[in-house]
Colleague: 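Next up is a structure, given as structure tokens.
All of these numbers come straight from a predicted model, not from anything done at the bench.
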Amino acid sequence: MKSRVLAISAVSAGFVAIVLIIGAYLQVTDIFMLAVSSLFIMLPLYYNSVKGCLLAFLAGGVIALLCALPTIALTIVFPAYAVFFGIYPIIRHYARAKHFNKYLMFIIGLVWCVAAVYGLYFYYTAVIGLRLADLPYWIADYILIILAPVGVIFFVIYDRYVIVMKLFLDKILGRIIK
């Protein structure tokens, strides 16, 4: 691995760790910080380095996990980062670089996101102990049906976010790195 890729991976891991720690301690910002962490995961993709992204994914996640151990059982940040937000931009770039069918990749990502939404719902209710008694009865009764369209809408927005942010990062890093 070249020194430039290693350096940008280290910077990326540091930003990812900071953002995940903020998301873990300020639980109001958890979903927003997950989206920002996936932005920072894509920094090594400027050099088309999937290995650098994986290094940033693992190092940033482990550093953040060690710094936020007191909140580990109360936050959705780390399971969501490990299951979907941290790895999806890397896999999407890799599939695109290998000329994988974009429609099939979209369908796979959609199913993956909906499965992650259901998994995180069960994590919140089973592990953390979230109770739905405070919600209106129609939401509490039909939550499993409501989660699928929410996951689909979220994935469509998030997939577009990943595409736009990759182009934005390439443009900004092209100006900074010469």
Side-chain angles (χ1 to χ4, degrees), residues 15-42 45 50 53-54 56-58 60-62 64-65 67-96 100-169:
F15 281 135
V16 166
I18 291 168
V19 166
L20 289 178
I21 291 168
I22 291 170
Y25 282 108
L26 297 175
Q27 294 176 358
V28 174
T29 64
D30 54 2
I31 299 295
F32 176 72
M33 290 301 168
L34 285 168
V36 172
S37 73
S38 60
L39 168 73
F40 289 127
I41 284 290
M42 294 187 284
L45 292 180
V50 175
C53 284
L54 290 173
F57 167 74
L58 292 172
V62 168
L65 184 67
C67 291
L69 274 177
T71 66
I72 189 93
L74 304 174
T75 184
I76 196 170
V77 170
F78 297 109
Y81 174 74
V83 171
F84 185 72
F85 284 92
I87 200 76
Y88 177 74
I90 301 168
I91 291 176
R92 188 181 192 297
H93 174 78
Y94 183 75
R96 197 163 180 169
F100 195 73
N101 186 343
K102 64 181 178 180
Y103 300 111
L104 185 59
M105 183 60 198
F106 183 81
I107 291 170
I108 290 170
L110 184 68
V111 170
W112 182 13
C113 181
V114 171
V117 167
Y118 277 108
L120 293 173
Y121 164 75
F122 288 117
Y123 174 77
Y124 250 132
T125 56
V127 176
I128 295 178
L130 177 71
R131 294 175 27 153
L132 301 176
D134 297 335
L135 295 174
Y137 73 92
W138 61 273
I139 292 178
D141 290 344
Y142 299 108
I143 190 75
L144 293 177
I145 297 169
I146 294 171
L147 285 178
V150 167
V152 169
I153 292 168
F154 178 78
F155 176 74
V156 170
I157 294 169
Y158 181 71
D159 187 54
R160 181 54 52 186
Y161 167 79
V162 168
I163 292 168
V164 169
M165 286 297 119
K166 171 73 170 85
L167 295 173
F168 175 73
L169 282 175

Colleague: Would you check if Y121 and V150 make a side-chain contact, meaning some heavy-atom pair closer than 4.5 Å?
Modeller: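 Side chain of Y121 against side chain of V150, heavy atoms only: no contact under 4.5 Å found.
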Colleague: Any chance the rings of Y81 and F57 have centres within less than 6.0 Å?
Modeller: yes
Colleague: How close do F122 and L144 get, heavy atom to heavy atom, and via which atoms?
Modeller: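 What the structure gives for the nearest pair is CZ-CD2, 3.9 Å.
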Colleague: Rounded to the nearest 0.5 Å, what's the gap from CD1 on I91 to CE on M105? Could you check?
Modeller: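 Those atoms lie 6.5 Å apart.
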Colleague: Give a yes or no on this: more than 12 heavy atoms of other residues, nucleotides or ligands lie within 6.0 Å of atom CZ of F15.
Modeller: no
Colleague: Determine whether more than 12 heavy atoms belonging to other residues, nucleotides or ligands lie under 6.0 Å from atom CZ of F168.
Modeller: no
Colleague: Quick one: CD1 on I31 to CZ on F85, what's the gap to the nearest 0.5 Å?
Modeller: 5.0 Å
Colleague: Work out which heavy atom in C67 is nearest to a heavy atom in I21; give both atom names and the distance.
Modeller: CB-CD1, 3.4 Å
Colleague: Regarding Y158 and S38, do their side chains bring together a donor and an acceptor under 3.5 Å, going by distance alone?
Modeller: yes
Colleague: Atom CD1 of I87 and atom CG of L58: how far apart are they, to the nearest 0.5 Å?
Modeller: 7.5 Å
Colleague: Minimum heavy-atom separation for L34 to V77, with atom names?
Modeller: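 Result for this residue pair: CD2-O, 3.4 Å.
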Colleague: Crowded around F32 CZ? As in, over 12 foreign heavy atoms under 6.0 Å?
Modeller: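 No, the 6.0 Å shell around CZ holds no more than 12 heavy atoms from other groups.
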Colleague: Where do Y161 and A35 come nearest, in terms of heavy atoms and distance?
Modeller: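 Closest heavy-atom pair between Y161 and A35: OH-O, 2.9 Å.
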Colleague: Provide the closest heavy-atom pair for V156 versus F106 in the form atom of the first, atom of the second, distance.
Modeller: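 Heavy atoms only, the tightest pair is CG2-CZ, 4.0 Å.
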Colleague: Taking atom CE of M33 and atom CD of Q27, what is their separation to the nearest 0.5 Å?
Modeller: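 Output value for this atom pair is 13.0 Å.
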Colleague: Check whether the ring centres of F155 and Y88 lie less than 6.0 Å apart, and answer yes or no.
Modeller: yes
Colleague: Atom CG of L54 and atom OH of Y94: how far apart are they, to the nearest 0.5 Å?
Modeller: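 Reported to 0.5 Å precision, the distance equals 10.5 Å.
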Colleague: Nearest 0.5 Å, what's the CD1-CD1 distance between I22 and I18?
Modeller: 7.0 Å
Colleague: I need the minimum non-hydrogen distance between A64 and L20, along with the two atoms involved.
Modeller: CB-CB, 3.6 Å
